[in-house]
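Remember, it's a predicted structure, so these values are computed and weren't measured experimentally.
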Amino acid sequence: MRLAGGPLATIKDISALLGLSVTTVSRALNGFPEVSAETRARVEAAARELDYTPNQSARRLVTGRSNIVALVLRATQSLEIDPYVYEIVAGLSAHLLERSRDLIVHVATDADPVAPLRRLLASQTIDGFLLNTPEIGDARIAFLVAAGAPFVLHGRHAPDPTYPFYDLDNREAARMAAEALIRLGHRRIALVNGRSALAFAAERRAGYLAAMQAAGLGAPEAFIAHPEAIQTDAARFAAAALGGAMGPPPTAFVCASTPLAAGVARAARAAGRKIGDDISLIAHDDALPHLRAADFDPPLSATRAPLREACLPLATMICDLIDGRMEIPRQVVVRAAYTPRASTAAPPAEETAPWR
């Protein structure tokens with residue numbers, strides 16, 4: 001163990017301790033396949049014992065890699081998405097650090113969504129990219145594919161992608177939520193969705209419509225919302241819907257997130273409607289620490305897929321891709337679980353007529 005304030009351990013120190021050549025130690029530390037697993041384990045144990053920290057500049061000369069992964073986020077007009085950003089950044093950072101890689105976060109504020117990717121690639125300091133919340137036909141994807149740059153997407157921007165991704169089955173989650181309300185007897189169900197340009201929102205819309213159509217129910221466009229400012233616009237939409245401004249009010253809402261559900265619940269309370277009695281409410285729960293479905297009053301019925309659970313597979317995928325351990329693009333689709341709670345019940349007897 002290096003004493004505090006003492007000189008930093010070097011590859012030569014590890015070499016001397018184990019009686020191995022400097023070249024063998026270097027190759028073991030940098031993951032070269034010709035080094036046996038036993039030798040690599042000995043070298044890594046000695047590196048820990050000596051508190052060895054690799055010189056990143058020297059390592060890059062040997063491997064051609066910086067061990068830096070860039071998470072490129074798209075800027076939005078609303079700051080209400082910050083909890084999502086924190087969850088994904090915290091989780092990815094931890095898992096990449098375990099793999100001796102660093103995460104940098106870039107928020108793309110350019111009108112051209114490809115501009116930050118072009119700059120980062122030109123800098124030659126990034127080994128690979130992580131992207132999230134893709135738009136339909138996302139230009140960033142086409143750019144990275146054409147550039148041959150390693151990247152993994154949290155989500156999908158098209159039905160049959162050719163790149164590695166980790167995604168929730170958003171269509172199934174929305175269909176599941178709408179069907180749960182239909183089974184309770186609801187016939188007028190509104191959808192409070194994500195922004196219309198986002199690929200996941202298109203999938204949620206498709207799942208909701210499939211459930212409504214299978215039950216022979218109408219789904220007027222006026223009762224499908226795509227809020228920009230999450231809670232504020234969701235509350236405004238719900239107030240108008242419950243106030244009868246767009247026709248017979250819905251008896252239930254399917255919300256694409258718990259922040260959206262918070263906006264709807266606020267509007268319902270203001271209108272004198274009690275969630276779980278007068279109005280039913282189902283949300284998708286990303287398990288954000290400050291806004292979990294189970295912590296609402298009353299607790300929300302919800303489809304659930306914790307956002308943090310995406311971080312380990314995303315980190316593993318990008319590292320494997322960079323290291324050449326992914327011959328075929330790995331594509332993972334997970335399903336949400338549905339938990340009924342007190343926010344859903346049968347509609348009032350006089351409110352069972354469908355929209356016409």
Check: So how far is it from H95 NE2 to I318 CD1, rounded to the nearest 0.5 Å?
Finding: 15.0 Å

Notebook entry, point to check: So, R304 side chain and A287 main chain: donor-acceptor pair closer than 3.5 Å or not?
Noted result: no

Item checked: Hphob cluster co-occupancy, I136 + V114, side-chain heavy atoms under 4.5 angstrom -> no

Check: Would you say the side chain of V333 lies within less than 4.5 Å of the side chain of R156, judging by non-hydrogen atoms?
Finding: yes

Note to self: With clusters defined by side-chain heavy atoms of hydrophobic residues (ILVMFWY) lying less than 4.5 Å apart, directly or transitively, does L312 cluster with V85?
What the structure shows: no

Margin query: Rounded at 0.5 Å granularity, tell me how far CD in Q331 sits from CE in M317.
Written below: 8.5 Å

Check: Of the non-hydrogen atoms in T352 and R187, which two are nearest, and what is the gap between them?
Finding: O-CG, 3.2 Å

Check: Is there a donor-acceptor contact under 3.5 Å from the side chain of H226 to the main chain of G194?
Finding: yes

Check: Roughly how far, to the nearest 0.5 Å, is OG of S301 from CZ of R341?
Finding: 7.5 Å

Note to self: With side-chain contact (heavy atoms from CB on, under 4.5 Å) as the criterion, how do V22 and K12 come out once you've worked through the C-alpha distance, each side chain's angles and the decisive distance to 0.1 Å?
What the structure shows: CA-CA 6 Å; V22 169; K12 289 183 178 180; 4.1 Å; yes

Item checked: Main-chain N/O of H186 paired with T251 side-chain donor or acceptor, under 3.5 Å -> no

Check: What is the minimum heavy-atom distance between D285 and A302, and which atoms define it?
Finding: CB-CB, 4.0 Å

Item checked: Min side-chain heavy-atom separation L321-F151 under 4.5 Å -> no

Margin query: Tell me whether R335 at atom CZ has more than 12 heavy atoms from other residues, nucleotides or ligands lying less than 6.0 Å away.
Written below: no

Note to self: Are I322 and R101 packed together at the side-chain level, in the sense that at least one heavy-atom pair is separated by less than 4.5 angstrom?
What the structure shows: yes

Next item on the list: Show your reasoning for whether side-chain contact (heavy atoms from CB on, under 4.5 Å) applies to F237 and V264.
Entry: CA-CA 8 Å; F237 164 76; V264 172; 5.7 Å; no

Margin query: I'd like to know if R205 pairs up with E221 as an ion pair, taking the criterion as any Lys NZ or Arg NE/NH1/NH2 lying under 4.0 Å from an Asp or Glu carboxylate oxygen.
Written below: yes

Check: Which atoms form the tightest heavy-atom contact between Q231 and P259, and what is the distance?
Finding: CG-O, 3.1 Å

Next item on the list: Answer with yes or no whether the hydrophobic clustering places V105 together with V69; edges join I, L, V, M, F, W, Y residues whose side-chain heavy atoms lie under 4.5 Å apart.
Entry: yes

Check: Does I104 belong to the same Ile/Leu/Val/Met/Phe/Trp/Tyr cluster as L153, with side-chain heavy atoms less than 4.5 Å apart forming each link?
Finding: yes

Notebook entry, point to check: So, for P248 and F223, which heavy atoms are closest and what is the spacing to 0.1 Å?
Noted result: O-CZ, 3.6 Å

Next item on the list: Find out if a path of hydrophobic residues (ILVMFWY) with successive side-chain heavy-atom gaps under 4.5 Å connects L314 to L198.
Entry: no

Item checked: Residues I68, I126; criterion side-chain contact (heavy atoms from CB on, under 4.5 Å); working and verdict -> CA-CA 5 Å; I68 297 174; I126 305 299; 3.8 Å; yes

Note to self: A side-chain contact here means heavy atoms from C-beta on lying under 4.5 Å apart; do P329 and T162 qualify?
What the structure shows: no

Next item on the list: Could I get the full list of side chain to side chain contact (heavy atoms under 4.5 Å, CB included) partners for A256, not counting sequence neighbours?
Entry: N193, F200, R204, L260

Next item on the list: For the pair S15 (side chain) and L20 (backbone), establish whether a donor and an acceptor sit closer than 3.5 Å, ignoring hydrogens and angles.
Entry: yes

Note to self: Tell me every residue that passes salt bridge (charged side-chain N to carboxylate O under 4.0 Å, His left out) with R99, counting only those two or more places apart in sequence or in another chain.
What the structure shows: none

Item checked: side chain to side chain contact (heavy atoms under 4.5 Å, CB included) partners of D320, counting only residues at least two apart -> T316, R325, M326, R330

Next item on the list: I would like to know whether T133 and R195 meet side-chain contact (heavy atoms from CB on, under 4.5 Å); could you show each step before the answer?
Entry: CA-CA 10 Å; T133 56; R195 292 190 296 118; 6.0 Å; no

Note to self: Checking one residue: I182. Which other hydrophobic residues are in its cluster under the side-chain 4.5 Å linking rule?
What the structure shows: M176, L181, I189, L191, Y208, L209, M212, L217, I224, V254, I282, Y338

Notebook entry, point to check: Partners of R175 by salt bridge (charged side-chain N to carboxylate O under 4.0 Å, His left out), sequence neighbours excluded?
Noted result: E172, E179

Notebook entry, point to check: Looking only at heavy atoms, what is the nearest atom pair of P299 and A294, with distance?
Noted result: CB-O, 3.6 Å

Notebook entry, point to check: If you take all heavy atoms of A345 and G276, which pair is closest and at what distance?
Noted result: CB-O, 3.3 Å

Checklist line | Residues in side chain to side chain contact (heavy atoms under 4.5 Å, CB included) contact with A268, at least two apart in sequence or another chain | finding: L242, R273, I275

Notebook entry, point to check: Quick one: are I141 and L131 in side-chain contact, heavy atoms under 4.5 Å?
Noted result: yes

Margin query: Are Y163 and H157, when compared by the centres of their aromatic rings, separated by less than 6.0 Å?
Written below: yes

